[in-house]
Amino acid sequence: MTAAPVLGASADPRLLGRDVHRIAFDERAISARVKELGAEITAAYPDGDLLVLGLLKGSFVFLADLVREIRRPLHVDFLVASSYGAGTVSSGSVELVYDPETVLEGKHILLVEDIVDSGRTLNRLIAVLGERAPKSIEICALLHKRIAGALAREARFVGFDAPNEFLVGYGLDHAENFRHLPYVASLR
Ligand code: IMP
Ligand code: MG
């Protein structure tokens with residue numbers, strides 16, 4: 001016997017007919033935590049130029065909410081690193097597909113990531129960005145699976161410790177689907 005789904009396929013037309021096994025973080029929990037992160041980040045950067053650098057595509061929803069909770073001047077840019085393709089397991093190679101055009105030298109860089117899984121993406125990016133002489137580099141991740149081995153830089157700002165399941169929603173995808181769910185869930 002299988003347990004009933006938390007959210008049936010028919011209950012949310014965004015779900016492509018899939019059942020949600022578990023809603024890990026709902027809209028209200030995410031919104032409350034993003035406000036706290038915004039306050040933490042505001043306090044952490046009393047001065048200097050702050051560049052919020054979103055890792056596409058997964059961070060786009062989180063970043064949009066987060067920057068509106070940061071009460072100080074900032075700039076936004078993005079970079080694209082591709083590692084997963086359509087699978088659910090990291091391929092291990094991280095490719096920079098789009099490189100930010102903004103000058104990083106002398107700036108505080110806040111790298112915004114949807115989720116830290118193996119940590120390979122961040123390890124690679126920290127190395128690449130570090131060569132451009134920023135004043136500081138910190139990581140803000142919405143979710144952290146806490147399974148990564150040696151991280152070149154641990155995330156300073158983390159929304160939630162995540163269950164070791166494949167999660168979708170609030171920017172996170174499976175084969176490009178489900179990014180627009182307002183909650184984070186694991187599918188059946
Ligand atoms: P890492 O390099 O293994 O840490 O993987 C980081 C990237 O893999 C994230 O930015 C996500 O795009 C993707 N990823 C890792 N875990 C998940 C997941 O549970 N759901 C969706 N995407 C994930
Ligand atoms: Mg991704």
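Start at 1 and go down the list; that is how both ligands and their atoms are numbered. Residues: numbered from 1 along the sequence shown.
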* Structure fact -> So the atoms of ligand 1 within less than 4.0 Å of a heavy atom of Glu165 turn out to be 19 (O)

* Quick one: does Gly119 get an N or O within less than 3.5 Å of an N or O on ligand 1? -> yes

* Kindly indicate whether the side chain of Ser186, heavy atoms from C-beta on, has any atom under 4.5 Å from the side chain of His21. => yes

* Asked: Purely on distance, is any nitrogen or oxygen of Val116 under 3.5 Å from one on ligand 1?
  -> no

* Structure fact -> Scanning both residues in full, the closest heavy-atom pair of Asp173 with Ala175 reads OD2-N, 3.5 Å

* Asked: Can Val168 be said to touch ligand 1, with heavy atoms closer than 4.0 Å?
  -> no

* Asked: Can you tell me how far OH of Tyr45 sits from CD of Glu138, rounded to the nearest 0.5 angstrom?
  -> 5.0 Å

* Assess the side chains of Asp114 and Tyr170: does a donor N or O sit below 3.5 Å from an acceptor N or O? => no

* Asked: Which ligand 1 atoms are under 4.0 Å away from a heavy-atom of Phe166?
  -> 17 (C), 18 (C), 19 (O), 20 (N), 21 (C), 22 (N), 23 (C)

* Does ligand 1 have any atom that is closer than 4.0 Å to a heavy atom of Asp173? -> yes

* Asked: In Å, rounded to the nearest 0.5 Å, how long is the span from CG of Leu50 to CG of Leu74?
  -> 5.5 Å

* Asked: Does the side chain of Ser136 pick up a donor-acceptor pair with the side chain of His108 at under 3.5 Å?
  -> yes

* Short list, please: which atoms of ligand 1 are under 4.0 Å from a heavy atom of Asp117? -> 1 (P), 3 (O), 4 (O), 5 (O), 15 (C), 16 (N)

* Asked: Do Glu113 and His144 have a side chain donor and acceptor closer than 3.5 Å?
  -> no

* Where ligand 1 meets Thr121 - atom numbers and elements under 4.0 angstrom, heavy-atom basis -> 1 (P), 2 (O), 5 (O), 6 (C)

* Asked: Does His174 come within less than 4.0 Å of ligand 1, judged by its heavy atoms?
  -> no

* Work out whether the distance between some heavy atom of Lys57 and some atom of ligand 1 is less than 4.0 Å. => no

* Say whether Ser118 and ligand 1 are in contact under the criterion: heavy-atom distance to a ligand atom below 4.0 Å. => yes

* To do: Could you tell me whether a side-chain N or O of Lys145 sits under 3.5 Å from a main-chain N or O of Glu165, the two making a donor and an acceptor?
  => yes

